[in-house]
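Below, chains carry the letters A, B, ... as their sequence lines are ordered, and counting in each starts from 1.
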Amino acid sequence: MTVPVRVRFAPSPTGKVHAGNIHTAIFDYLWARHTGGTFILRIEDTDVERKEAGAVEHMMEALKWLGLDWDEGPGVGGPYGPYYQSQRLPLYKAAAEKLVADGHAYYCFCSTERLEAMHQQQEANKQLTGYDRACRNLTAEECKAKESQGIKSVVRFKVPLEGQMTIHDLIYGDISFDYKNIDDFVMLKSDGYPTYHLANVVDDTAMKITHVIRGEEWISSTPRHLLMYQAFGYTPPQYIHMAMIVGADRAKLSKRRGAISILEYRDMGYLSEALFNFLVLIGWSLDDKTEIMTRQQIIEKFSLERMGRTAAAFNQDKLDWMNGVYIRNLPFDDLADRLLPFLDRYLPPEVKRPLDAVYVKEITPLIKERIITLKEAAAYADFFFLDNLTHDAAKFVDKKTDAATALKALKSAEEKLSALDDFNRDQLETTLRSLAETLGIKAGQLFNVLRVAATARDATPPLFETMAALGQDRCLQRIKSAIAVLSKN
RNA sequence: GCCCCCAUCGUCUAGUGGACUAGGACAGCGGCCUUUCAAGCCGUCAACAUGGAUUCGAAUUCCAUUGGGGGCACCA
């Protein structure tokens, strides 16, 4: 009989969540959903110094945006709360005291200054850095004496002086460590807060976590955690260390190095489905060719066996491509709904708000294949919304078409188009193709001139559809203004 | 300095001793399509870090080397 899987994503609220953090969360989520287990969110706010206001909210917003809904944790509660470590302080204190009582840990009264000096000396002598265990063998009386002098203490774990241990990781396999390379680490800080080491062991046990999924950077502290499980007499969870996502410089992602926050991707107009799919493919693959998968497919096919061990770089070009694929696969209405807020925010201020949602739906098919992010739609399609365009005379001229020809073409077009009673796509095509013939120029030449007149751009969606969407009045008015500009030269 | 991990095209990856003259994708390049731009389609460039060992046979196993990364806090 297998125990139901319980995994937790345990971020510390010290900044904005980036791809590296969320990558772990995604795999926590996948493992939980794949197995029908429970996905827990736990906030590791045990560093009073580094704690940042709003970080938890930011975190939760990012998780929600990506659809990583948690079954237990802040906002939803659960039977093993509270899910903020800062609200579980008595638990850690009791656990630390128990280990002291059992002889597995001890109080350390060393000052920060002493520790720093020791560390510097060790580095200068190129020695192994780590606590020198000065307080390891303090007697109860000595401890009392220090305490009565008002000296603050921390609790350190008594790491065996010799021997070794092997940890088993579901991805990396067996890894061995010598105890002699592990120092007596701090479990409980002098401010009464636990360190990550203590807190995660206490909470993972209390919350019945079965699998610890975390970044590869934790491998080297896993022996400490295992040592604590042994000392407590707890059964440790299974470990799943994941290869990290690295930056272009191949170093661990961090906000200091300019890692982009996940919500920024949302604000840049990436679809959460695309980012999810993209992030899943970093460190995991289904086979040798499948890339675009729905969330359901991913959950269903997910397996630990297919996870890689190599750190991977975030390839923005590929994300762009994938986002384009997702945009193109979206139904028009859905895309239009998602486009609306971006257009609203990024279209020039002179465009009247609120935007006409029906009109947005109308032009959506025209830009769908041409944008890779939602945000860029505003810059790409502004001419659909602007009342007045500024024409650049140079744009009307190219190798095939000189200014005089362009001017003549525009004048004839204005005449023809004002006579049209139905300004639809097909009418426009018939009218303009025959006009080109009459003028004795290539259809493409005429179209390009009109394109520039109607949009002030030389790269736009197909001309007839564009003009039809713009409508007769606006097209004629723009052609007039184009004629004016060209006549000046 | 010490400990640990990793190593296939520029990037993400497939590959678990023979089907590999190493597959896919992004990017790049070339072409087709075409009223522009895209999209689409076709093609092309491009990798098993190095050296040993094991084996009839290694991208795949083992050992070194090199390179990269991570850890060594009263941070997580």
Side-chain angles (χ1 to χ4, degrees), chain A residues 10-14 44-47 49-50 108 110 112 115-116 119 122-123 125-131 152-156 167 169 172 175-178 180-183 185-191 193-197 199-200 214-223 241 243-244 246 248 250-252 278 281-292 305-306 308-322 324-325 328 367-372 380 398 429 432-433 436 442-452 455 457-464 466:
Chain A
S12 65
T14 55
E44 310 231 327
D45 51 350
T46 55
D47 187 339
E49 298 266 307
R50 295 202 310 153
C108 167
C110 294
T112 314
L115 260 17
E116 262 168 26
H119 198 267
Q122 287 167 337
E123 278 191 343
N125 297 347
K126 303 209 177 223
Q127 281 174 310
L128 191 128
T129 55
Y131 181 56
K152 291 253 196 180
S153 65
V154 301
V155 177
R156 288 182 184 273
I167 67 167
D169 182 271
Y172 287 91
I175 306 168
S176 299
F177 297 85
D178 284 328
K180 67 171 196 283
N181 293 315
I182 306 172
D183 75 344
F185 57 93
V186 173
M187 299 164 51
L188 198 67
K189 306 182 225 177
S190 58
D191 62 3
Y193 278 75
T195 59
Y196 169 84
H197 304 301
N200 101 87
R214 57 171 33 160
E216 180 204 353
E217 69 265 33
W218 289 105
I219 288 180
S220 45
S221 44
T222 305
H241 287 96
M244 296 180 300
V246 295
R250 296 245 117 212
K252 182 176 164 182
F278 175 75
L281 254 20
I282 293 184
W284 182 80
S285 64
L286 173 61
D287 54 30
D288 58 343
K289 40 183 65 96
T290 313
E291 304 216 274
I292 305 293
E305 291 74 44
R306 296 199 61 85
R309 272 158 297 172
T310 315
F314 191 101
N315 183 186
Q316 178 92 23
D317 279 340
K318 188 152 184 175
L319 205 216
D320 282 347
W321 162 77
M322 194 171 276
V325 171
R328 275 173 251 131
I367 63 173
K368 178 170 169 162
E369 288 177 353
R370 295 172 174 79
I371 52 173
I372 56 172
Y380 181 79
D398 62 26
E429 174 154 23
L432 294 175
R433 281 197 190 280
K442 293 213 177 239
Q445 285 178 275
L446 206 219
F447 298 164
N448 283 339
V449 169
L450 279 169
R451 181 189 319 285
V452 175
T455 66
R457 302 288 182 86
D458 43 27
T460 75
L463 184 64
F464 315 128
T466 300

What interatomic distance, in whole Å, is found between C1' of B/rA53 and the corresponding atom of B/rG10? 33 Å

Listed by chain and number, what are the ring pair (Phe, Tyr, Trp, His ring centres under 6.0 Å) partners of A/Phe185, not counting sequence neighbours? A/Phe157, A/His197

Report which part of the nucleic acid A/Arg306 touches: base, sugar-phosphate, or nothing (heavy-atom distance under 4.0 Å, all strands). sugar-phosphate

Scoring nucleotides 71-76 of chain B by protein non-hydrogen atoms under 4.0 Å (B base, S sugar-phosphate only, - none) yields SBSBBB

Side chain to side chain contact (heavy atoms under 4.5 Å, CB included) filter on A/Thr222, not counting sequence neighbours, yields A/Ile167, A/Arg214, A/Leu226, A/Tyr239, A/His241

In whole Å, measure the gap between the C1' atoms of B/rA14 and B/rG40 for me. 26 Å

Residues in side-chain hydrogen bond (donor to acceptor under 3.5 Å, both in side chains) contact with A/Glu429, at least two apart in sequence or another chain: A/Arg425, A/Arg433

Residue A/Arg250, side-chain atoms from C-beta onward, closest of B/rC5, B/rG68, B/rA7: B/rG68

With sequence neighbours excluded, residues passing side chain to side chain contact (heavy atoms under 4.5 Å, CB included) with A/Ser176: A/Gln164, A/Thr166

Using both distances under 3.5 Å as the test, list the Watson-Crick or G-U wobble partner of B/rA47, or none. none

B/rA22 - base-pair partner by Watson-Crick or wobble geometry, distances under 3.5 Å: none

By side chain to side chain contact (heavy atoms under 4.5 Å, CB included), which residues pair with A/Thr310, not counting sequence neighbours? none

Given that both distances must come in under 3.5 Å, which nucleotide forms a Watson-Crick or G-U wobble pair with B/rA14? none

When all nucleic acid strands are considered with a 4.0 Å heavy-atom cut-off, which category describes A/Met322: base, sugar-phosphate, or nothing? nothing

Holding to side chain to side chain contact (heavy atoms under 4.5 Å, CB included), I want the full list of residues that pass it with A/Asp47, two or more places apart in sequence or in another chain. A/Glu49, A/Arg50, A/Lys189

Output the rounded distance in Å from CD1 (A/Ile167) to P (B/rC3). 17 Å

Do nucleotides 32-48 of chain B as a string where each nucleotide becomes B, S or -: B if the base has a protein heavy atom under 4.0 Å, S if just the sugar-phosphate does, - if no protein is that close. ---BBBBSS--------

So does A/Lys289 reach the base of B/rA25 with its side chain, donor to acceptor, closer than 3.5 Å? no

For A/Tyr196, which residues count as a ring pair (Phe, Tyr, Trp, His ring centres under 6.0 Å) partner, sequence neighbours excluded? A/Trp218, A/His225

Of the candidate nucleotides B/rC4, B/rG24, B/rG23, which contains the atom at the shortest distance from the side chain of A/Asp288? B/rG23

Searching all strands shown, indicate the nucleotide that pairs with B/rC41 (Watson-Crick or G-U wobble; both distances under 3.5 Å). B/rG31

Mate of B/rC72 where both pairing distances stay under 3.5 Å, Watson-Crick or G-U: B/rG1

Please tabulate the protein-to-nucleotide N/O contacts below 3.5 Å involving nucleotides 19-21 of chain B, giving atom names and distances.
none

With sequence neighbours left out, what residues match A/Trp284 under ring pair (Phe, Tyr, Trp, His ring centres under 6.0 Å)? A/Phe302

Mind checking if A/Gly283 touches a base, just sugar-phosphate, or nothing, with heavy atoms under 4.0 Å? sugar-phosphate

Just jot down the ring pair (Phe, Tyr, Trp, His ring centres under 6.0 Å) partners of A/Phe314, sequence neighbours excluded, or say none. A/Tyr265, A/Phe278

For A/Leu281 and for A/Thr310, locate the closest nucleotide of RNA chain B by heavy-atom distance; then report the residue assigned to the nucleotide nearer the 5' terminus. A/Thr310

